Amino acid sequence: MTTTDADTGGGTAPAAACHGPQPQSAPVGDTGSVTDTAVEDSAPGGHGYAKQKDAHIKRLRRIEGQIRGLQRMLEEDVYCIDILTQVSASTKGLQSFGLQLLEEHLRHCVAAAVIESSAPGATRGPEAIDAKVQEATKAIERMLRS
């Protein structure tokens, strides 16, 4: 699977167009997962994953099938080691998907912040870059905890 560093128009979108307002993440339950409560960007293709969206959906459906397979394995009393092997495959699939999404975020959103902040007459400078890098760093931290 390949990644892109441009928006759907062929150029790099400005950082503000990438995600709009910064998301407010809140922990959910004891799993350490977070939910995004920000208003989503209404413009199609405003996110780094836009060009790969169909491939990502296909990949997530494959992972969903693996999870459903785990349920069937339990229902059919399959040997525990075989179930654990499937758990590992499902986990690796999600980790791989997460890393791909993170790479696309870096190529699209972080790169857009760099370009926007270095443009003549830019109203936001290094703080825009720092904010996007911090956002990516927190996402990496969450992924490493899982």
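Here the structure is a predicted model, which is why all the values come from computation and not from measurement. All heavy atoms count here, side chains included; hydrogens, waters and symmetry mates do not.
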Separation of [Y] [atom2] from [X] [atom1] (nearest 0.5 Å):
X      : Y      : atom1 : atom2 : value
Leu102 : Cys109 : CG    : SG    : 10.5 Å
Leu106 : Glu135 : CG    : CD    : 10.0 Å
Ile67  : Gln86  : CD1   : CD    : 7.5 Å
Phe97  : Leu60  : CZ    : CG    : 4.0 Å
Ile83  : Glu76  : CD1   : CD    : 9.5 Å
Ser90  : Leu70  : OG    : CG    : 4.5 Å

For this session: Evaluate the criterion side chain to side chain contact (heavy atoms under 4.5 Å, CB included) for residue pair Leu99 and Met143; output intermediate values, then yes/no.
Result: CA-CA 9 Å; Leu99 287 172; Met143 287 181 68; 3.8 Å; yes
Problem set entry | Under 3.5 Å: donor-acceptor pair, side chain of Ser96, backbone of Lys92 | no
Exercise. Can you check whether Val114 reaches Lys132 side chain to side chain, under 4.5 Å on heavy atoms?
Worked result: no
Problem set entry | Close side-chain approach of Asp130 and Val133, heavy atoms under 4.5 Å | no
Problem set entry | Qualifying side chain to side chain donor-acceptor pair (under 3.5 Å) pairs with a residue from residues 60-71, counting only residues at least two apart or across chains | Glu64-Arg68
For this session: Can you tell me which residue pairs pass the ring pair (Phe, Tyr, Trp, His ring centres under 6.0 Å) test with a partner in residues 124-145, sequence neighbours excluded?
Result: none
For this session: Answer with yes or no whether the side chains of His56 and Glu104 bring together a donor and an acceptor at under 3.5 Å.
Result: yes
Exercise. When clusters are formed from ILVMFWY side-chain contacts under 4.5 Å, directly or step by step, what else is grouped with Leu84?
Worked result: Tyr79, Ile81
Problem set entry | Nearest non-hydrogen partners of Ala113 and Ala128, listed with the distance | CB-O, 4.0 Å
Problem set entry | Heavy-atom pair with the smallest gap, counting every atom of Arg72 and Gly65 | NH2-O, 4.3 Å
